[in-house]
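One structure below.
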Amino acid sequence: MEKNRTIVETNCSFCGYQCALLATVEAGRVIKVQPDNKRFPYNNEIMKGCKRWPMIMEVMDHPQRINYPLKRIGERGSGRWQRINWEQALSEIADKLGKLKEEFGPETLATSIGAPHTTYWPLHRFMSLFGSPNNMGIGQICWNPGIWVNTLTYGWPIGMELSHDYTEAAMLWGINPAESDNSLFWDTIQKYKRQGKPLIVVDPRYTKTAEQATLWLGLKPGTDPVLVLGLIHVIIKENIYHHQFVEKWCHGFDKLVEHIVPYTPTYVEGITGVNADKISRAARLFAENSPGCIYNGRGIDQLGTNTFPTHRGLAILRAITGNVDVPGASHLAEMPDYIPELDLELSDAFTTTEPVSISPKLLLQSYQGYAKTRELTMKHNKRLPMRYLTSAHPEKVWQAMITGNPYPIRSLIVMGSNPLLTQANTKLVYQALKELDLLVVLELVETPTAMLADYVLPSAGVLEVPLIETNAGITNIAYGGKQAVEPYYERRPDYYFWRELGIRLGQEEKWPWKNYEDALAGSLDPLGINWEKFCETGLYFQENSYYKHEKTNEKGVPIGFATVSGKIELYSEFLKEIDADPLPQPKSLLSDDNYPLTLITGARYHPYYASSYHQIAYFRRLHPEPIVEMSEKTASSLSLLEGDKIYLETKNGRALFQTKITSMVDQVVSVEYGWWHPELEAYEPELGGIWRSNANLLTAGEDESSDHNLIGTWTYNGIPCRAVKE
């Protein structure tokens, strides 16, 4: 090896898996990357099939990367920028924020986050110290619903387990790992299926994942809770539920039995479109092959009012089949041994100031909902992360920027997020951003959101920052590794921005770690492991334990579950106490004769990752146009051929896509999420093609189909729409 070359054990950060890599570094530049088969997470077949990580060196020096701090010098959105230094940017931003806080109070600042491959606790720490509750993201339609439901049902979130060694039945609901991320999970599914075990896939689309299924249940989008209750109906009626587990560890079974009486397979077929015989067969396959794993994805997180009852139904389905805290099915996770995000973000101290929530009516996704839930989890000395589960509802934030109600939000800092593409109702988001006194964007490239900013700051990206991934502190696992090189040009880790901004606003004593690596190393202090030792394997974990509810306390009594009843709550006493449905109650779908089709807006395809990487020429050659999928029958009814350009229209707007004919439920169309055109003009009115094929031109952040009571989930799947040929 050349004397001036080193090999660094590091990690990719092009998606949430953050696979292990070896980076060859020469003179401070990465000259080669290759998979690291000695560190977690790694799988040879996955790495061979992934198209993202080989692009690392191109992305690190891509001509569209932002390399220096930029300050707007023209009208907002004019594309006119002045290069400045970090000191000027930080000082001016701190000065503006200080004046806005003095005039309007700390609530005047909001933040926007997005993808999971960025560390958010420094942002949350800053917001806690600044005094604002208005951090927002996409939690209401991604991750939060499952965390809330499983905590209320079981006493803590679960880890879903699918093991080709232990699992005997698998159900994948609203998830398509074969095409969305090419993950280690997909490799596990294929190994499982090769053993001939039953695989049930629930999805309106006959995806590549569904092609592997023993049984595909193609349902009408949004009817998911009805289908779940239909499965439960069959399992109870045919007496194939787990009697011993239900009798000993489940609360409210008698009320559940009464509740599911109407949900016969025939009735469910009429609502969902799934054949009644298939419903019965799926129920038997799952209940009679134990242990069984239910893996659900983002698809059911985006059903509006039907998201919560779907999650509740799946939680109940696991319980009555005895698949809770069982190897090969699921495990109740544990609090981490290292410092959890909750403590790093200083949320506990912040809530003593009684933060003024912008969405106080939500019974769960609010500070009062969090506090009440914590009374349960503390029965087992556990604490959920706070900032994610109390994050502000985006629609309320955008409205406050425009109207000043319930108070003026005049500033926004965006990190790891592109709300003009990733938040519902793009027109509203655009209007809100144009109203701001201060918009700061920390980014890798000039996104449509960054095009409207006052300051755009260059974030360090893949291989330029160290990594620890902790799943927000709800599990006892941490993995990651070193940065391979110092950030190129004048890029900086996001931690640098938040610490330096905090210091300028009087927070210095609360930022004891001078750099990001020191902060990550500090979070490992309770383990007695230093940073170098951690990076040798890139992994800390404790083996999963099971049947924890059967362990006894000092009085010899089983500890049970951290719920109101001490058991799994099929009938939720917690939800009853807050005047919510204690059993899953499906809501009627929206319908409109003017919009005869049903729209899904959340489809994702490798190699893109949400709205990222559209500027990579190789990826664009592989996948050059945004697509809308539909069945052959649907296309024929619309006189469409493969490749035809069509506008999809909802009552919220229209967007242009290219027709792709595939196998899926008739009268349903599925559009690709996160599409924009980085090759187009990076200023008004084009804004990188934001107004052409952006799925969120079709969505609303809050309407009659949204959850207005519990979490605030809005609807991305199950929207009435129509198609118009270009």
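- Judged purely by distance below 3.5 Å, without hydrogens or angles, the side chains of Asn135 and Ser391 never pair a donor atom with an acceptor atom.
- A side-chain donor from one of Ser417 and Ser112 sits under 3.5 Å from a side-chain acceptor of the other.
- Within the 4.5 Å cutoff, no side-chain heavy atoms of Thr111 are placed close to those of Met136.
- Among Asn296, Asp203, Asp224, the one residue that satisfies the side chain to side chain donor-acceptor pair (under 3.5 Å) test with Trp173 is Asp224.
- By the 6.0 Å and 45° rule, Lys372 stacks over the aromatic ring of Phe574.
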- Decide yes or no on side-chain hydrogen bond (donor to acceptor under 3.5 Å, both in side chains) for Ser611 and Thr422, but give the supporting numbers first. CA-CA 7 Å; Ser611 65; Thr422 59; 6.0 Å; no
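- Listed by chain and number, the residues in a side-chain hydrogen bond (donor to acceptor under 3.5 Å, both in side chains) with Asn471 amount to none (sequence neighbours excluded).
- Taking 4.5 Å as the limit, every side-chain heavy atom of Thr449 sits out of range of all side-chain heavy atoms of Glu443.
- The side-chain hydrogen bond (donor to acceptor under 3.5 Å, both in side chains) test applied to Trp714 returns Tyr716, not counting sequence neighbours.
- Judged by the 6.0 Å distance and 45° axis criteria, Arg52 is not positioned over the aromatic ring of Phe14.
- Taking a 6.0 Å sphere around NZ of Lys434, one finds it holds more than 12 heavy atoms contributed by other residues, nucleotides or ligands.
- Looking only at side-chain heavy atoms (C-beta outward), Ser357 and Pro133 stay at 4.5 Å or farther from each other.
- Looking only at atom types and distance, the side chain of Thr713 has no donor-acceptor partner in the side chain of Thr307 under 3.5 Å away.
- For Glu649, the side-chain hydrogen bond (donor to acceptor under 3.5 Å, both in side chains) partners two or more places apart in sequence, or in a different chain, are Arg654, Arg722.
- Every residue two or more places apart in sequence or in another chain was checked for a ring-ring contact (aromatic ring centres under 6.0 Å, His included) with Phe104, and none qualifies.
- With a 4.5 Å cut-off on side-chain heavy atoms, Leu710 and Leu362 do not count as touching.
- Rounded to the nearest 0.5 Å, atoms CG (Leu129) and CD (Gln507) are 4.0 Å apart.
- Of the N and O atoms on the side chains of Tyr407 and Asn134, at least one donor lies less than 3.5 Å from an acceptor on the other residue.
- Residues Val441 and Tyr455 are not in side-chain contact: their nearest non-hydrogen atoms beyond the backbone lie 4.5 Å or more apart.
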- Message: Using the rule given for side-chain hydrogen bond (donor to acceptor under 3.5 Å, both in side chains), can you reason through Glu341 versus Tyr388, listing the C-alpha separation, both sets of side-chain angles and the distance that settles it, and then say yes or no?
- Response: CA-CA 10 Å; Glu341 280 202 31; Tyr388 299 116; 3.0 Å; yes
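- Aromatic pair Trp675/His623: ring centres closer than 6.0 Å.
- Residues that satisfy the side-chain contact (heavy atoms from CB on, under 4.5 Å) test with Lys427, not counting sequence neighbours, are Asn425, Trp691.
- Taking the ring centre of Tyr370 as origin, the terminal cationic atom of Arg383 falls outside the region bounded by 6.0 Å and 45° from the ring axis.
- Between the side chains of Thr153 and Asn150, no donor-acceptor pair of N or O atoms lies under 3.5 Å.
- Lys220 meets the side-chain contact (heavy atoms from CB on, under 4.5 Å) test with Thr223, Leu589, Thr598; sequence neighbours excluded.
- Salt-bridge check for Glu704 with Lys651: passed, with a basic side-chain N closer than 4.0 Å to an acidic carboxylate O.
- Close placement of the Tyr608 and His614 rings is indicated, their centers lying within 6.0 Å of each other.
- In terms of modelled atom types and a separation under 3.5 Å, the side chain of Ser459 and the main chain of Gly461 share no donor-acceptor contact.
- With sequence neighbours excluded, no residue forms a ring-ring contact (aromatic ring centres under 6.0 Å, His included) with Trp81.
- Under the ring-ring contact (aromatic ring centres under 6.0 Å, His included) criterion, Phe497 pairs with no residue at all, not counting sequence neighbours.
- Every residue two or more places apart in sequence or in another chain that forms a side-chain contact (heavy atoms from CB on, under 4.5 Å) with Asp454 is listed here: Arg72, Arg76, Leu438, Leu439.
- For Leu680, the side-chain contact (heavy atoms from CB on, under 4.5 Å) partners at least two apart in sequence or on another chain are His677, Glu686, Arg692.
- Of the inter-residue distances, the one linking Asn717 atom CG with Asn306 atom CG reads 11.5 Å to the nearest 0.5 angstrom.
- Salt-bridge annotation for Glu179 and Arg604: absent, with no side-chain N of the basic residue lying under 4.0 Å from a carboxylate O of the acidic one.
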- Task: Verify side-chain hydrogen bond (donor to acceptor under 3.5 Å, both in side chains) between His311 and Asp301, making sure each step is shown before the conclusion.
- Result: CA-CA 8 Å; His311 274 287; Asp301 285 349; 2.6 Å; yes
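- Residues satisfying the side-chain hydrogen bond (donor to acceptor under 3.5 Å, both in side chains) criterion with Asn144, sequence neighbours excluded, are Gln365.
- Residues satisfying the ring-ring contact (aromatic ring centres under 6.0 Å, His included) test with Trp498, not counting sequence neighbours, are Phe126.
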